[in-house]
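Below: one structure, written as structure tokens.
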Amino acid sequence: MKKQQLYYFILLLFIVLSCKKEAKKEQVPIKKVTDTSVVEQDTSINIKKEVKRNDYKNVVIHKEFKDSLNIKFSNLESDDKFVFEIPEGNINTTTSSIKIYNSENELIYKKEFQTREIINGYAIDDRYYSDEEIENYILEEAKLMLSKDSFVNLDTDIEKGGMLDREKNEFENYLVFTECKNEKRPLFVIGLAEEDITYIGYSSKKNKAFDVIYCC
């Protein structure tokens, strides 16, 4: 009996000692690691720099420009000659012109304007353009103005609600417009600056061309 009690006592002691060891293991203090490194925060703000656009004050045409186009306008039997001239010099102080001559070399129309007006601000994006780039742009625009695309066929090109589908009193010269329409003559279109558009037609009754309607 004593031996049995002794056995249980030893077993109990062994269990108690084992539990204490496990408790010590679980209570091992955890060393707190303090991260002293400083994380640098990027406080920079992405600010879009405003691009200063060219004000055209110093844009110069370095060489006189002259272009021409032969096309039927006043007379459907023979070609008229359209001449576009841009003088050498600062675009703010020079005057450019478009002239129309009939087949007999008679001047039937002339329009003059400041060279700067050839620039269409809507066509130029927000990036900076150098003076040289502006000069090249002007010369390219001048070439485009004297092209077949600048003529309106009144049989097919009048859109409902469009520029030529207006009330009579909105025309600068409705009689010339009607004459061109009846005699199947085209209109010539000149676009300057942003919204300075002129439609030009020839009157066989008056032997010269007139501004038909303006926009906008």
Side-chain angles (χ1 to χ4, degrees), residues 56 59-89 91 94-124 132-159 162-164 171-173 175-216:
Y56 316 137
V59 178
V60 172
I61 302 299
H62 289 90
K63 184 179 179 182
E64 180 184 14
F65 170 88
K66 189 172 183 178
D67 193 17
S68 63
L69 173 68
N70 294 318
I71 194 168
K72 292 178 176 58
F73 175 68
S74 66
N75 188 330
L76 300 180
E77 301 298 324
S78 58
D79 287 347
D80 292 334
K81 186 175 184 179
F82 289 69
V83 179
F84 198 154
E85 294 178 295
I86 302 175
E88 177 183 327
I91 64 171
T94 55
T95 300
S96 296
S97 66
I98 291 180
K99 300 174 185 176
I100 306 174
Y101 298 87
N102 62 18
S103 58
E104 297 177 359
N105 203 34
E106 297 172 333
L107 181 66
I108 58 174
Y109 183 84
K110 180 180 179 181
K111 186 176 182 69
E112 295 182 322
F113 43 88
Q114 186 184 56
T115 303
R116 177 178 173 144
E117 291 184 72
I118 299 172
I119 300 172
N120 182 343
Y122 293 155
I124 296 179
E132 183 180 356
E133 287 176 310
I134 296 296
E135 178 188 9
N136 291 333
Y137 164 81
I138 289 172
L139 298 179
E140 287 300 318
E141 280 295 299
K143 292 175 184 177
L144 291 174
M145 288 173 74
L146 283 194
S147 70
K148 292 181 179 180
D149 292 335
S150 296
F151 293 82
V152 177
N153 186 324
L154 296 180
D155 278 341
T156 59
D157 296 342
I158 298 181
E159 298 179 4
M163 189 60 217
L164 298 175
F171 283 80
E172 176 70 17
N173 200 320
L175 291 177
V176 174
F177 171 71
T178 303
E179 187 183 331
C180 290
K181 191 174 181 181
N182 292 338
E183 297 180 11
K184 300 185 183 300
R185 282 194 299 274
L187 299 182
F188 176 56
V189 186
I190 297 174
L192 297 172
E194 283 71 48
E195 297 180 354
D196 182 5
I197 301 171
T198 305
Y199 287 76
I200 301 153
Y202 178 79
S203 172
S204 57
K205 295 177 181 178
K206 298 182 179 180
N207 296 319
K208 65 183 203 176
F210 295 86
D211 293 347
V212 170
I213 193 170
Y214 303 115
C215 177
C216 286

To the nearest 0.5 angstrom, please state how far the [atom1] atom of [X] sits from the [atom2] atom of [Y].
X      : Y      : atom1 : atom2 : answer
Asn136 : Leu139 : CG    : CG    : 6.5 Å
Asp155 : Lys181 : CG    : NZ    : 8.5 Å
Glu183 : Leu76  : CD    : CG    : 8.5 Å
Ile61  : Ile91  : CD1   : CD1   : 6.5 Å
Leu164 : Cys215 : CG    : SG    : 10.0 Å
Ile86  : Thr95  : CD1   : OG1   : 12.0 Å

Please walk me through it: do Asn102 and Tyr109 pass side chain to side chain donor-acceptor pair (under 3.5 Å)? CA-CA 9 Å; Asn102 62 18; Tyr109 183 84; over 6 Å; no
Please test Tyr214 against Phe171 for ring pair (Phe, Tyr, Trp, His ring centres under 6.0 Å), starting from the C-alpha separation and ending with a verdict. CA-CA 7 Å; Tyr214 303 115; Phe171 283 80; over 10 Å; no
What heavy-atom pair brings [X] and [Y] nearest, and what distance separates the two atoms?
X      : Y      : result
Ser204 : Arg185 : N-NH2, 3.5 Å
Asp196 : Glu117 : OD2-OE1, 3.8 Å
Phe73  : Ala209 : CE2-CB, 4.1 Å
Ile124 : Ile134 : CD1-CD1, 4.1 Å
Ser96  : Ile118 : OG-CD1, 4.3 Å
Lys111 : Leu192 : CE-CD1, 4.1 Å

So do Leu187 and Phe177 actually touch side chain to side chain, heavy atoms under 4.5 Å? yes
Would you say that Asp80 contacts Asn70 through its side chain, given a criterion of any heavy-atom pair below 4.5 Å between the two side chains? no
Donor-acceptor under 3.5 Å ([X] side chain, [Y] main chain):
X      : Y      : value
Tyr137 : Asn120 : yes
Glu64  : Pro87  : no
Asn75  : Glu77  : yes
Thr115 : Thr94  : yes
Asp211 : Ile200 : no

Would you please test Leu69 and Phe151 for side-chain contact (heavy atoms from CB on, under 4.5 Å) and show each step? CA-CA 12 Å; Leu69 173 68; Phe151 293 82; 3.8 Å; yes
CD (Glu133) with more than 12 external heavy atoms under 6.0 Å: yes
Distance-only donor-acceptor check, side chains [X] and [Y], under 3.5 Å:
X      : Y      : value
Tyr199 : Glu172 : no
Glu135 : His62  : yes
Ser97  : Glu112 : no

Given the rule in the side-chain contact (heavy atoms from CB on, under 4.5 Å) test, do Leu154 and Lys184 qualify, once you have shown the distances and angles that lead to the verdict? CA-CA 7 Å; Leu154 296 180; Lys184 300 185 183 300; over 6 Å; no
Walk me through whether Ile197 and Ile190 qualify under side-chain contact (heavy atoms from CB on, under 4.5 Å). CA-CA 6 Å; Ile197 301 171; Ile190 297 174; over 6 Å; no
Just do the side chain to side chain donor-acceptor pair (under 3.5 Å) check on Glu179 and Tyr202 with the steps written out, would you? CA-CA 8 Å; Glu179 187 183 331; Tyr202 178 79; over 6 Å; no
Would you sort out whether Asp79 and Lys72 count as a salt bridge (Lys or Arg N to Asp or Glu O under 4.0 Å), showing the intermediate values? CA-CA 4 Å; Asp79 287 347; Lys72 292 178 176 58; 3.4 Å; yes
Report the C-alpha separation of Lys99 and Glu85 in whole Å, then their side-chain angles, then the decisive distance to 0.1 Å, and conclude whether the salt bridge (Lys or Arg N to Asp or Glu O under 4.0 Å) test is met. CA-CA 8 Å; Lys99 300 174 185 176; Glu85 294 178 295; 3.6 Å; yes
